[in-house]
Each structure stands twice: as C-alpha cells, then as structure tokens.
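The block underneath contains the structure these notes are about, expressed in structure tokens.
Order of appearance sets the numbers: ligands from 1, and atoms from 1 within every ligand. Excluded from the calculations below are hydrogen atoms, water molecules and symmetry mates; all remaining heavy atoms, backbone and side chain alike, are included.
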Amino acid sequence: MASEIPNHIAIIMDGNGRWAERRGRPRVFGHVRGSGRVKAIVEVASRLGVKALTLYAFSTENWSRPESERLVLWKLLKKYLIRDAEQLHRQNVKLRVIGETDRLDADIRAVLDPVVQKLTSNTGLQLTFAISYGSRREMVYAAKKFAEECLAGRAHPDELNEVLMEEYLWTSDFGDLSEVDLFIRTSGEQRISNFLLWQAAYAEFIFTDICWPDFEPKDLESAIQEYARRERRFGGVGKGLPERPHRNIFA
Ligand code: IPE
Ligand code: IPE
Ligand code: MG
C-alpha cells in the first residue's frame, strides 16, 4: 500500500473553458471560477499534511492561446496573489514558481516576486505554481546548463547521473520532495501535457471527469483515499500477492 498521505501532489487544473462553455458562458468565466478554487485546495492539502503541492497554471504551449484569454489568466493570477498572500503566510505556506518566468510581463513579476520572497522562509506546505512551464523545456535548460559547466571545466560528462541531473531541473530546490507521488488531472483528459515528466516518473495517476471549477476539497480527499489503496511497486514485485511455490514454467 502507498503511505496514506502523498508527500507531493501535482495537479493539472484543467477544464475551465469547457466548464464555462457548457453553461453558455465565455471560456474566461471558467478561469474566473477556476482561480477561485485554488484557495480551498491549498487549505485542505495543508491541513491533511501534504508536504508539496504543485499546480499547473500555464504551460509553455498555452502561449498559443489568444492574447485576450492570456490577459485574463494573468489578471487572475495577480488577483489571487494580492488577495491571498497574507493568508498563505499565516498558514506557513512556502511559495515557489517554476517555469520560464522571465517570459512574464514586468507587471506580473512585480506582484509575483515580492509574494514569493515574503513566503520563502515558511516551513509548511510547499506550494508551487508552474507558470510558462514545460517539462521538455526544463530538460533542455538542464542539458544546456550541464554542458556549459562541462565546457567551463567545472563538471565532466562522466559525473552525470540521475541525482546530479535533478540539480539542473527547475525543481532542484525541492530536495526529497521533487518526486511526485500523486498526479491528478481534472476534466476527463488523460494526458500529461508536458507536466513534470521527469518528476512524475513513478507517480500514481488519477484522472477525474470533474472540471477544475467544480473540484472541491472532498474530491482531493477522495483522490488521496484512492492513492492510499494503490500499490506502488517501483519496478519491484510488490508485497500484495501471497508468495507462491516456485514452479519452472519453462519445463
Ligand atoms: C485549464 O483549463 C486552464 C489553463 C490551461 C490555463 P482550459 O482553459 O484548458 O479548459 P479546457 O480544457 O479548454 O476546458
Ligand atoms: C494543460 O492543460 C495546462 C494547464 C492546465 C495549465 P491544456 O488544456 O493546455 O492541455 P491540452 O492542450 O488539453 O493538452
Ligand atoms: Mg484544457
């Protein structure tokens, strides 16, 4: 059995647009409702003792969306940060952002950076927003950085292994928590969409039909219950099955 509470939960908050369209409303209405869901999910994760929660807010591929939609997403991000920073601080939440944050406009950085700074020494839930994030991009950066270290004579290709590789990823300062235990995607889509490909190599996946604007704390709790029933094997043989007398199946 998996241990009861996953250390690191990653969520693809998907389905805002469809949620709104089904109600005859513009897609951005779904983003408004969706952004309002984050607070309660952070609260419950923190209360349950989850150590890290990583939320996919905007992918490298989402830059292809119409500018009008992107502007609404940035506005909502800023609103969330301004409105909730104080409460996150009281909850002892540490905040991080992973992704190509240098692509974000200065006005977003002007809100984001001070909040990240303010919460940086907190020791409770490690909340991370993946913004302008793409796993492939992350790995390309890692490869480039390592190559540069080699060229500068500070590293050698022979040294590279899985542990060292992690030091070059955007999640390097997650330490032991970089490994995703439970990976949730809302809205019924069953794909990874370039999220945490390295870190989720052995995650348990839960795909729920609920769209993000309807995703409630009880849905996170039931995903955690399902996670607790899973058997994580990590390539081994597992403990769930009774030992059988060995027979030579090739005889
Ligand atoms: C997720 O909802 C939010 C972001 C990608 C920013 P979508 O906007 O992808 O909603 P659907 O998938 O089109 O319903
Ligand atoms: C993934 O959702 C990105 C976020 C939720 C931020 P998308 O809606 O962009 O993914 P695809 O395009 O359906 O794969
Ligand atoms: Mg989507």
Might you point out which heavy atoms bring A20 and G30 nearest each other, and give the distance in Å?
CB-N, 3.5 Å

Within the structure, is a non-hydrogen atom of E21 found at a distance of less than 4.0 Å from ligand 1?
no

Which of R27, H31, R37 passes side-chain hydrogen bond (donor to acceptor under 3.5 Å, both in side chains) with N16? Answer is H31

Give the total of protein N/O/S atoms at a distance below 2.8 Å from the Mg ion (ligand 3).
1

Using a strict cut-off of less than 4.0 Å between a Lys/Arg side-chain nitrogen and an Asp/Glu carboxylate oxygen, indicate whether D214 and R33 qualify as a salt bridge.
no

So which pairs with a foot in residues 193-202 pass side chain to side chain donor-acceptor pair (under 3.5 Å), sequence neighbours left out?
E61-N194, E138-Q199, E166-W198, T171-Q199, R185-S193

Decide ring-ring contact (aromatic ring centres under 6.0 Å, His included) for F183 and Y227; before the verdict, give the C-alpha distance in whole Å, the side-chain angles of both, and the deciding distance to 0.1 Å.
CA-CA 10 Å; F183 187 118; Y227 167 84; over 10 Å; no

Can you tell which of I192, I184, L182 makes a side chain to side chain contact (heavy atoms under 4.5 Å, CB included) with F205?
I192

Taking only heavy atoms of the protein into account, state which residues are under 4.0 angstrom from an atom of ligand 2, in chain and number order.
I12, M13, D14, Y56, A57, F58, N62, R65, R185, R191, S193

Relative to each other, are the rings of Y141 and W170 parallel, tilted or perpendicular (30° and 60° limits)?
tilted

Ignoring hydrogens, what is the shortest heavy-atom contact between R191 and I12? Give both atom names and the distance.
O-CD1, 4.0 Å

Please enumerate all residues that pass side-chain hydrogen bond (donor to acceptor under 3.5 Å, both in side chains) together with Y56, with sequence neighbours excluded.
none

So, K51 and D176, do they make that salt bridge, N to O below 4.0 Å?
no

Quick one: which ligand 1 atoms are inside 4.0 Å of a heavy atom on H31?
3 (C), 8 (O)

